[in-house]
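Only one structure is covered here, and it is reproduced in the block below.
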Amino acid sequence: MQDTPCDSERQLIQNCKKGDISSQERLYKHFYGYAMGVGLRYIYNREDALEVVNDSFIKVFNSITTFNSDNSFKPWLRRIIVNTAIDRRRKDLKHLYHADLEEAGQIESSVHIIEHLTAQDILKLLDQLPEIQRMVFNLYELDGYSHDEVGKTLNIPVSSSRTYLMRAKERLKKAISLQNQITYERVSR
Amino acid sequence: MKESVDNKLKEHIIAVFNNYDDNGAELGWLELRKKHPRKSGKRILFWWSSAAAVLAMALFFYKPQETLQDTVKIQKTKPQTPAGPENKGSDRFQNKTDAGSDVSELIKSPAIASARQYSKVNTAEQHADIRQDRTLPMTPATASVNENSHREQAFSEDNIQAVVIENAPAQTEAISRQQAVTDTILMDKKANTLKENQLAGVLVEKRKEQPAAGEISHNKKVELTFFAGAFLNYAEGSNNSMNMGAGVSSGIPLTKRFTLVAGIALAKNKLIFKNELPNTSYLAFVASDNKAASSFFAGNVPQISKLEASLLNLDIPVNIKYSLSRKPNRVFVSAGLSSFAYLNEAYRYSYNNMNNRTNTFASSDDQVINESFGKFDLAQTLNFSFGLTHTGKAQNIIVEPFIKYPLGTLGSQDIRFGSAGLNLKLNINQAAKSLKPGSSTVK
């Protein structure tokens, strides 16, 4: 997942370090899509996700002089967005969602269905997860955090992190299977 | 199996969101700038405008000055003749003179002392006429010393030594007294003449001088120029349009050929964009508080057909001028930088609203965005020009084609544009007059 920065990206970052506003704008627009993808995975509401992304970019511009241009920019940006999203939703995490503690049934999910999931489909699936499970799934599975790091970030025990991750996966597969069933029924009619 | 599904799902989600595309980048940037606007340049504008005004005033009023003390070089000559009787009048003269110690030293020199000696003259004339030009033998050297009305007369200290000296004949006491009085008057006149000739000699020999307090140099010329010009603005996507400007500038000679020129001008710049707007202008339009912006968020996309940008600004150039010809400033080339302070900026947008849902256009009233004193652009254009000077009796007229190349963007909407045109300049040379407050000239 580690990308090597290309020359144009490196030059853009160099110009941003000098405080050039037009370069900041170009950097923003270049990574906007990626940043919104990260933000939407954590935040339900699009406007809130945009706010998180913008706050993150402000942090990026303010601290870009400390960034080593030889490293890839995307992981650094992703880390900032994730932290900003978690900070924003931290107060909501206090109200843990306990209703899903029952074990999900064994659901058959076809692999080929997963391959056809679009970004909007995935976001709809993630929307069905409780807040805490969504956070844990994103942090561990998609953003590469360990359970220790997840526990420290969300201020939960490591064991809870494992549990929430398991629940999140099962819910997602259940949702995918349900979606597949609905689609099959429509095709059959 | 379960793990493969999990891995597959994870990998697919990562792949999808690594390449996630969202079309709201423009709007997102707009929102970001709204929340974190650019720092106001008004405070910076105030300080830079003040600095520019102070610099222009300093250049206008700066005139090198001279001091007599640094310029007058007294060469003490060897006494060639025995010194004559002591002239009591010399003390009076010393008390009278304003020229400082230099002239009094000159008077004390043996050459001057011997100049007091006269040839034998007609006594009657001595009584009747004590004018210097009648009593002294008229030799060319003496004539030059006697002259006190022509400042440009060449002066040589050797003239003092060339004065014809004759031993004073024996005289009666009355004649001696008369001569003493005459001496005094003549010495006064001579000292004054010498002083004036020293100045003339300095002028003729073109010595470098430093002014005394209260004195202004005769020699250094500060150029003051009034100019007016017409020019075309050019920018990518804009039609060329004719504009006008006028201002003043002052130049300080640095060397024989180089002159530092600074000034200030008022100019109007107009740009017309059709169908190809600068990106910053589009964003400014959407960000402005108008009905077009509010309809933008309702799904209507404004299609801007024309943008008229009108900027009234102060142009503050600082240039180095190089004279190409032997005659000063006859033909010259100039290069430097210009800074801009914007008195008023008006951006008029003509647009139609396109409804994305119905795919139809609806025309709207023009939208005008005004900005005053919003920005100060320091050294944002590179100036090049060359000039031809026509020298007149009282003034010089200069024809100067010029070009201004943009080094960055200009104005509150950051538009990059340059200009090229022709300036007509009126150069009124200023020769500083010698002034000496409270001076007492001996007549």
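No hydrogens, no waters, no symmetry mates; every other heavy atom, side chains included, goes into these values. Labels below follow one simple rule: chain letters A, B, ... track the order of the sequence lines, proteins then strands, and each chain is numbered from 1.
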Query - Atom group of A/Phe31 that falls short of 4.5 Å from chain B, counting heavy atoms - result: neither
Requested in this report: Determine whether the aromatic ring centres of B/Tyr405 and B/Phe384 lie less than 6.0 Å apart.
Outcome: no
Report task. Using a cut-off of under 4.5 Å on heavy-atom pairs, state which of A/Asp55, A/Val38, A/Val53, A/Thr118 scores highest against chain B. Result -> A/Asp55
Query raised in the report: Side chain, backbone, both or neither: which part of A/Leu117 has a heavy atom under 4.5 Å from chain B?
Result: both
Query raised in the report: With a 4.5 angstrom heavy-atom cut-off, which part of A/Leu40 approaches chain B: side chain, backbone, both or neither?
Result: side chain
Report summary line: Between B/Ala420 and B/Tyr234, the two heavy atoms sitting closest are N-CE2, 4.4 Å
Query raised in the report: Between B/Asp377 and B/Tyr342, do the side chains contain an N or O donor and an N or O acceptor separated by less than 3.5 Å?
Result: yes
Report summary line: So CG of A/Asp127 and CD1 of A/Ile43: to nearest 0.5 Å the spacing works out to 11.0 Å
Query - chain B interface, residue from A/Met36, A/His30, A/Glu51 that has the most non-hydrogen pairs under 4.5 Å - result: A/Met36
Query raised in the report: Non-hydrogen atoms of chain B under 4.5 Å away: do they reach the side chain of A/Gln120, the backbone, both or neither?
Result: side chain
Query - pair A/Tyr32-B/Leu27: side-chain heavy atoms closer than 4.5 Å - result: no
Query raised in the report: Around atom CG of A/Asn68, are there more than 12 heavy atoms of other residues, nucleotides or ligands at under 6.0 Å?
Result: yes
**Report entry** Top contributor to chain A contacts, counting heavy-atom pairs under 4.5 Å, from B/Asp22, B/Leu9, B/Ile13, B/Asp21
**Finding:** B/Asp22
